[in-house]
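Reading through the structure tokens given below for one structure.
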Amino acid sequence: MESHAPARSSTAAVVVGVNRSDGSDIALRWAAEIAARDRRPLHIVHGLDLLSWLSGPGGRDMVRPEFFESLREYGTTLLRAATAAAREIEPDITVTTEISDDSPARLLIERSKTAHLVVLGVTPDTGTLAHLGSTLLEVTGHGHGSIAVVRTRSDGRILYHGPVVVGIDGSPVSESAIAAAFAEASARGTDLVAVHSWSDWDTGRFADRQATALDADALETVEQAILAERLAGWQEKYPDVSVTRKVYLAGPSEALTQQSERAQLVVVGSRGRGGFRGLLLGSTGNFLVQHARCPVLVAHPG
């Protein structure tokens, strides 16, 4: 697949979108830690989404200059607080900020063209200023490079132990996910679990269970070979990463969500072998960025 995105430099920033939500605070901390680990600058952005304000109820009244001034003052205060929080987490990182009239989604998608990584938190749709939640799928689906959604366990914690898990569907698109997963596992000093799921069908639904079992065994052997082929070369490039291969005869969403319980990161590609052209993220990635129990990294080709 040909990519027309600008090249990412070795000093490309970790970009994180912030708002006033708890999910944003968690994403900011995670992004600051990644920036410090990778020795990269942290770029904190906030989109005012003026068009949504102006097209909403009472929009005409908001054309007044004092409204725009108060909105920008709010954004500036938010970025100032986020900068202070980031430096408290990682004092040595370089922090820059950006406030934009654009929507959070459009701002983050644009910055993703040259960013090392774009990070966003999980935010309920509680209003325009909490708009990152409603644009989560837009950013992960249409962004460029690597996009991370910082999800937590049910108790609000993020695990800093456990493996990196990568979903591999057997298509060339998953190559970006494999590359990102090996790099993350190596940087974190942890193991990699490669998950491949070849079918959504349930063997119990078939009448001839013995024949189905034989078919499943044969197909599992084939799928194990596909998985091994996809991983070939990467294990040589990252000899420090121990790899466990898992093949499931069930849907990938369920398998990866189950793995996310004990993982510190799940990595998926932006579109699998069954994806439609307009659905750039794919059903598995779509499900995971909404339901996984750890941060999810969506790796786009190119």
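Throughout, numbering of the chain's residues begins at 1 and tracks the sequence.
Of the inter-residue distances, the one linking Arg230 atom CZ with Ser174 atom OG reads 5.5 Å to the nearest 0.5 angstrom. Expressed to the nearest 0.5 Å, how far OG1 of Thr140 lies from CG of Leu297 amounts to 11.0 Å. We find the NZ-CD distance between Lys246 and Gln224 to be 10.0 Å, quoted to the nearest 0.5 Å. Atom OG1 in Thr83 sits 8.0 Å away from atom CG in Leu42 (nearest 0.5 Å). The distance from atom CD of Glu184 to atom OG of Ser186, rounded to the nearest 0.5 Å, is 9.5 Å. Between atom CG of residue Leu71 and atom CD1 of residue Ile99 there is a gap of 7.0 Å, rounded to the nearest 0.5 Å.
Although no hydrogens or angles enter the test, the distance criterion places no donor-acceptor pair under 3.5 Å between the side chain of Ser24 and the main chain of Arg20. No side-chain donor-acceptor contact under 3.5 Å links Arg151 to the backbone of Cys294. Side-chain atoms of Arg153 come within 3.5 Å of backbone atoms of Glu261 as a donor-acceptor pair (strictly under, hydrogens ignored). Ser260 places no side-chain N or O within 3.5 Å of a backbone atom of Ala263 that could act as its donor or acceptor partner. Here the side chain of His43 pairs no donor or acceptor atom with the backbone of Val14 at under 3.5 angstrom. Between the side chain of Gln264 and the main chain of Gly162, a donor-acceptor pair closer than 3.5 Å is present.
Looking only at atom types and distance, the side chain of Thr257 has no donor-acceptor partner in the side chain of His291 under 3.5 Å away. Under 3.5 Å, the side chains of His116 and Asp38 contain a donor-acceptor pair of N or O atoms. For the residue pair Glu98 / His46, no side-chain donor-acceptor distance below 3.5 Å is found, with atom types taken as modelled. In summary, the side chains of Glu69 and Tyr74 do not present any donor paired with an acceptor at a separation below 3.5 Å, with no hydrogens or angles considered. Of the N and O atoms on the side chains of Tyr248 and Gln259, at least one donor lies less than 3.5 Å from an acceptor on the other residue.
Evaluated for a side-chain contact (heavy atoms from CB on, under 4.5 Å) with Val150, the options Val16, Leu120, Ile158 yield exactly one hit, Ile158.
Under the 4.5 Å side-chain criterion, counting only non-hydrogen atoms from C-beta, Asn286 is in contact with Gln290. Between Arg106 and Asp49, the closest side-chain pair of non-hydrogen atoms falls below 4.5 Å. Using a 4.5 Å heavy-atom threshold, the side chains of Phe68 and Leu48 count as separate.
Considering all non-hydrogen atoms of both residues, Thr190 and Pro163 come closest at OG1-CA, 3.7 Å. Taking each heavy atom of Glu138 and Ile109 in turn, the nearest pair found is O-CD1, 3.7 Å. Between Leu265 and Arg188, the closest heavy-atom pair is CD2-NH2, 4.0 Å. Taking both residues in full, the closest heavy atoms of Pro301 and Ser176 are given as CA-OG, 3.2 Å, listed atom of the first, atom of the second, then distance. Residues Ala194 and Leu227 approach most closely at O-CD2, 3.9 Å, considering heavy atoms.
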Report the C-alpha distance between Ile44 and Leu28 in whole Å, list the side-chain angles of each, state the deciding distance to 0.1 Å, and finish with yes or no for side-chain contact (heavy atoms from CB on, under 4.5 Å).
-> CA-CA 8 Å; Ile44 307 173; Leu28 175 64; 3.9 Å; yes

Would Arg72 and Asp101 count as a salt bridge (Lys or Arg N to Asp or Glu O under 4.0 Å) if you check the C-alpha gap in whole Å, the side-chain angles of each, and the deciding distance to 0.1 Å?
-> CA-CA 9 Å; Arg72 288 195 175 88; Asp101 293 345; 2.8 Å; yes

Under the side-chain contact (heavy atoms from CB on, under 4.5 Å) rule, what do Thr152 and Ile26 come out as? Steps first, then yes or no, please.
-> CA-CA 9 Å; Thr152 66; Ile26 294 170; 4.0 Å; yes

Apply salt bridge (Lys or Arg N to Asp or Glu O under 4.0 Å) to Arg87 and Glu90, showing your working.
-> CA-CA 5 Å; Arg87 287 186 171 139; Glu90 298 290 349; over 6 Å; no

Please test Leu192 against Thr244 for side-chain contact (heavy atoms from CB on, under 4.5 Å), starting from the C-alpha separation and ending with a verdict.
-> CA-CA 6 Å; Leu192 178 66; Thr244 300; over 6 Å; no

Please step through side-chain contact (heavy atoms from CB on, under 4.5 Å) for the pair Val193 and Val166, ending with a clear verdict.
-> CA-CA 6 Å; Val193 177; Val166 59; over 6 Å; no

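No single ILVMFWY cluster, assembled from side-chain heavy atoms under 4.5 Å apart, contains both Ile89 and Val18. Both Leu137 and Leu288 are part of a single hydrophobic cluster, where members link through side-chain heavy atoms under 4.5 Å apart. Tracing side-chain contacts under 4.5 Å through hydrophobic residues (I, L, V, M, F, W, Y), one never reaches Val149 starting from Leu159; they form parts of separate clusters.
No more than 12 heavy-atom neighbours from other residues, nucleotides or ligands sit within 6.0 angstrom of CG on Asp22. The local environment of CZ in Arg37 is crowded, with over 12 non-hydrogen atoms from other residues, nucleotides or ligands closer than 6.0 Å.
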